[in-house]
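For reference, the structure discussed in these notes is given below.
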Amino acid sequence: MLELAFIMALAGVLVSLLAFYRRGRGGGRSVAEPVSGMLTVTGVSPRPAAQGEQYVTITGLLSGPGVEGETVYGRFAWDVNQWPSPGDRIDVVYPAGRPDRWQLSHPGSRPYLGS
C-alpha cells in the first residue's frame, strides 16, 4: 500500500514537471502579441538626494490600441539622473487587451525587484 502511494506521488511530480517544462517552451497558453502605447506621467515620487538607481513610483494615463486614458501606476528602479517628471510621455508595451500588464521602455528604468 505504501509503495502504491509512493508511485502515485512520483507520477504526480513527473506530470507537474512535464507541464512546467512545456509551458516554459511555449507549449502552454499563448502570450498575446505586445502592442505599443504611451504613458503620460501624472505623478511621480520625489527625487531622492542619493545618486545611482533609486526606487520611483509613477502614476500616469496609459493610451494605446484598445486603451484610452487608463490610470496605471508602477514602481521601478530608476537612475536619478534621468528622473521622470509629471507631463513626461514614456513609451510602453502591453499584451493586447491587457493594459494592466504594461511595461515601460526608458533608458533610466528597470523593473522593481519586488515585482
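In this text the structure is predicted, and so the values were computed from the model without any measurement. The residues of the chain are indexed from 1 along the displayed sequence.
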Nearest heavy atoms of L62 and L39, plus distance in Å: N-CD1, 4.2 Å
Which atom of P65 lies closest to which atom of V35, heavy atoms considered: CG-CB, 4.2 Å
Any W78 side-chain heavy atom under 4.5 Å of Q54 side chain: no
Check: P95 main-chain N/O paired with R101 side-chain donor or acceptor under 3.5 Å: no
For D88, all residues meeting salt bridge (Lys or Arg N to Asp or Glu O under 4.0 Å), sequence neighbours excluded: none
Cluster link L104 to V80, ILVMFWY, side chain under 4.5 Å: yes
Intermediate values then yes/no, ring-ring contact (aromatic ring centres under 6.0 Å, His included), W102 and F76: CA-CA 12 Å; W102 65 281; F76 305 91; 5.7 Å; yes
Matching residue for V44 among V56, T57, T59 - test: side chain to side chain contact (heavy atoms under 4.5 Å, CB included): V56
Validation row: T40, S63 side chains within 4.5 angstrom (heavy atoms): no
Heavy-atom pair of closest approach, residues W83 and S45: NE1-O, 3.1 Å
Closest heavy-atom pair and its distance - I58, P84: CD1-CG, 3.9 Å
Minimum heavy-atom distance between M38 and V92, given as atom pair plus value: N-CG2, 3.7 Å
Side chain proximity check, Y94 to P34, heavy atoms < 4.5 angstrom: no
